[in-house]
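First the proteins, then the strands, lettered A, B, ... as listed; each starts at 1.
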Number of protein chains: 2
Amino acid sequence: MADVARLAGVSSQTVSRVSNGFPGVTEDTRRQVLAAMRELGYRPNSAARALKRGEFRTLGVITFSLSTMGNIRTLEAIATSAAQHGYAVTLLPVAVPTQDEVNGAFSRLGELAVDAVIVIMEIHLLDAATVSLPPGVQVVVADSDAGDRYTVVDTDQAGGARDAVRHLLDLGHDTVWHLAGPEGSFAAQRRANAWRDTLTAAGRVPPPLVRGDWSAESGYRAGLRLADEPDCTAVFAANDQMALGLLRALHERGLRVPGDISVIGFDDIPESASFLPPLTTIHQDFAEVGRLCVEGVLSKMRQDGEGHGTTLVPTRLVRRESTGVPGRDRRGEESRPPFLPDA
Amino acid sequence: MADVARLAGVSSQTVSRVSNGFPGVTEDTRRQVLAAMRELGYRPNSAARALKRGEFRTLGVITFSLSTMGNIRTLEAIATSAAQHGYAVTLLPVAVPTQDEVNGAFSRLGELAVDAVIVIMEIHLLDAATVSLPPGVQVVVADSDAGDRYTVVDTDQAGGARDAVRHLLDLGHDTVWHLAGPEGSFAAQRRANAWRDTLTAAGRVPPPLVRGDWSAESGYRAGLRLADEPDCTAVFAANDQMALGLLRALHERGLRVPGDISVIGFDDIPESASFLPPLTTIHQDFAEVGRLCVEGVLSKMRQDGEGHGTTLVPTRLVRRESTGVPGRDRRGEESRPPFLPDA
DNA sequence: CCAGTGGATGTTTACGTAAACATTGCCTAG
DNA sequence: CTAGGCAATGTTTACGTAAACATCCACTGG
């Protein structure tokens, strides 16, 4: 900086003013300084800057190895949104979702150049961890509940699940089976609860819950079981991957979708439009979740925020070809090639 | 730090020594300092640290919005591997893959707290950009060629494509059609070139190349065309998503896979094991790519490295049920339900 | 008994920046 | 014509750390 000042014939403070876009600098002087900066290839040293300003302009994101598409989309939106606010994003990967690993990530965080943290994680792993949070570091949590203890931004899981169930009921199905996510997942739990509540509210009897683990493989196994349930005409899968496996199993058993069984997913991953048949599903707006995480954490930083609360991002039903009116009893009536989209 | 020193009854320098694990501190003193650190909740200030040391212990990763699964896996591996070396990872998202955006990312980079950069990007967007790289910032590129100008780590695209084609030829197919990725992509180009070369080397005539854009939707459209090619008994899709769309199109046209047409993909995304039928594909080791990127950039930093070169990460053929011996002429011969896995 | 040695610890300083305060010089109002 | 004010710019200082150097002290060997 001193070199630039010398070359431009000004003081280093003036260089600082120019590089930060502060007022009170003649247009002439500004130009000269900029020229000198270019000539010397000057780059402000961000370490010194952070030291002086007391902030890093950086957000940390803690997440399990980018396993699910939802986390990835959210992360992407966080990065983009942070960049728009002049913030960088530092990744804090947690290899395996154990309490130890999470604690480790949080303690590393203390020495990390980060002003605030966004956690994409189930809440129950967070409790013991946050005690070691450096004071003044704000936290926003995505993919969780517990809005009373943290600021939470999440997809409206319950609303989406409700829409999925209602869609199938509206089509005329007596009831809807549910292929749930793993027990440990709050998202899975909330979707399952909303599924049960919606059925009950509509005066239907919820069938036994079928448990998967988010993977297509687990959906396949569940599908083999469901294929043997003669009463099953409609399945709400807790995510699109499991729906994919489900479709494969039903297909192998010679069941038509949606002719014999309607299937609806959750997430709306890009591939789901190309499943066999294209999957009706609940679209999640991960970009919005990420954006709100950044807004939330920045606003908390500004007002040293105390207020916690949950922001829900609405979902949207995307109707494709895997859902239709009930008709399993018609099985075998027609001889059209199976799985041809009804449309 | 001064407070800790006072509480522990030592000098700040001794605190520094303890916090950096330097030798020359009595076990007694160390314990006292550590106790004081805990009591005061001391965290070393990473800005001051970076300022003093002249390095940030941080790697920047520039990539287009985490669009493809490959990039994500690579990023994940980079983050993990960097953490093991005591480095953090900062994300530099590029919204749209235009030269302007890339230049912007690189110029922001100059002010960013980053010691080195890993670029996950097609090379041709890099050329004009790197001129603005701060001196001393090393670069490693994934997903590209141009090993003569940069250090490059990439999947062995050509080797994988060759294995895919050979697998189908070995099964007895006369030739192999190719559903390629978009023209702008070097990965797509190299896979297509290797496909053509392998066929030529085997004395076969390469059929006309079919172009997609990586999406399942484009694979579907291509599939509708290929279904009308009576000579087509084997297709090598340049990625699994396009293979997915391809499978759907063939299915709609009543063609069995692999009975009538064999399909092989590239990438081995997790879902491909649950396609209809499960997809034979070329597995990419993104974790290894990411790891090598980190190793490469760190070693370049240590030796102020000049040497460029390309490191290729081998692929692996994953045989599932979408490939088999040729048999399109047998169409209609049997009445078994289509798409049941042959095994 | 003393010089010499080496380990443990303290003191000084500089890293690059920006806030706070100081100075300069020009313009305007009285 | 001059005091006062304000815009432009310069000077000083501190941010928290760690390298370099300085000091202290206990112990060893002659």
Side-chain angles (χ1 to χ4, degrees), chain A residues 1-37 40-58 86 88 108-115 134-137, chain B residues 1-37 40-58 86 88 108-115 134-137:
Chain A
M1 189 158 95
D3 298 337
V4 174
R6 212 170 305 124
L7 179 61
V10 298
S11 76
S12 64
Q13 183 54 36
T14 300
V15 175
S16 168
R17 281 192 264 260
V18 170
S19 98
N20 286 313
F22 282 165
V25 180
T26 315
E27 193 51 40
D28 255 19
T29 315
R30 171 184 309 277
R31 258 196 296 272
Q32 277 194 330
V33 171
L34 288 175
M37 292 207 307
L40 296 175
Y42 166 80
R43 307 275 171 186
N45 178 312
S46 60
R49 220 171 229 203
L51 176 59
K52 189 72 183 114
R53 293 200 289 219
E55 60 171 23
F56 302 99
R57 301 276 166 90
T58 298
R108 256 174 283 144
L109 184 74
E111 320 187 3
L112 223 49
V114 152
D115 300 313
V137 172
Chain B
M1 189 158 96
D3 298 336
V4 174
R6 210 170 307 123
L7 179 61
V10 299
S11 75
S12 65
Q13 182 54 37
T14 300
V15 175
S16 167
R17 281 193 264 258
V18 170
S19 99
N20 287 314
F22 282 165
V25 180
T26 314
E27 193 51 40
D28 253 19
T29 316
R30 171 184 307 279
R31 257 196 297 272
Q32 277 195 332
V33 171
L34 287 175
M37 294 206 313
L40 296 175
Y42 166 80
R43 308 273 171 187
N45 178 312
S46 59
R49 217 170 233 204
L51 175 60
K52 190 68 182 117
R53 293 200 289 220
E55 61 171 21
F56 302 98
R57 302 275 167 91
T58 297
R108 256 173 285 144
L109 184 74
E111 320 187 2
L112 223 49
V114 152
D115 301 313
V137 173

Inset, instruction - Ignoring the backbone of B/Leu51, work out which of C/dA19, C/dG16, D/dG10 is nearest its side chain. - result: C/dG16
Inset, instruction - Round to a whole Å and report the spacing from CD of B/Gln13 to P of C/dA14. - result: 15 Å
Inset, instruction - Write down the distance between NZ (A/Lys52) and C1' (D/dT17), rounded to a whole number of angstrom. - result: 15 Å
Inset, instruction - Can you see which heavy atom on B/Arg30 is nearest to which on B/Phe22, and at what distance? - result: NH2-O, 3.6 Å
Inset, instruction - Can you tell me the distance, in whole Å, between the CG atom of B/Asn45 and the P atom of D/dA14? - result: 18 Å
Legend entry - B/Tyr42 OH - D/dA18 P separation (whole Å): 6 Å
Legend entry - Residue-phosphate contact under 4.0 Å: B/Thr26 side-chain N/O, C/dT9 OP1/OP2: yes
Inset, instruction - Mind calculating the distance between CZ (A/Arg57) and P (C/dA18) to the nearest angstrom? - result: 10 Å
Inset, instruction - Determine: side-chain N/O of A/Thr29 to OP1/OP2 of D/dA8, distance under 4.0 Å, yes or no. - result: no
Legend entry - Side-chain H-bond candidate by donor/acceptor type, A/Arg49 with A/Ser19, under 3.5 Å: yes
Legend entry - D/dG10 phosphate, OP1 or OP2, under 4.0 Å from A/Thr14 side-chain N/O: yes
Legend entry - B/Asp115 side chain to B/Glu55 backbone, donor-acceptor under 3.5 Å: no
Legend entry - Nucleotide C/dC15, atom P - distance to CZ of A/Arg43 in whole Å: 21 Å
Inset, instruction - For C/dA18, take OP1 and OP2 only and decide whether either is under 4.0 Å from a side-chain N or O of A/Asn20. - result: yes
Inset, instruction - On DNA chain C, check which nucleotide each of B/Arg30 and A/Pro44 is closest to and give me the residue with the more 5' one. - result: B/Arg30
Inset, instruction - Using the closest heavy atom to pick a nucleotide of DNA chain D for each, name whichever of A/Gly24 or B/Met1 lands nearer the 5' end. - result: A/Gly24
Inset, instruction - Rounded to the nearest 0.5 Å, what's the gap from CG on A/Leu40 to CE on A/Met1? Could you check? - result: 13.0 Å
Legend entry - Any donor-acceptor N/O pair, B/Thr58 side chain to B/Phe56 backbone, under 3.5 Å: yes
Legend entry - Gap between atoms CZ and C1', on A/Arg17 and C/dA19 respectively (whole Å): 10 Å
Inset, instruction - Would you mind reading off the distance between B/Arg53 atom CZ and C/dG16 atom P, rounded to a whole angstrom? - result: 16 Å
Inset, instruction - Give a yes/no answer on whether the side chain of A/Arg49 brings an N or O atom under 4.0 Å of OP1 or OP2 in C/dA18. - result: yes
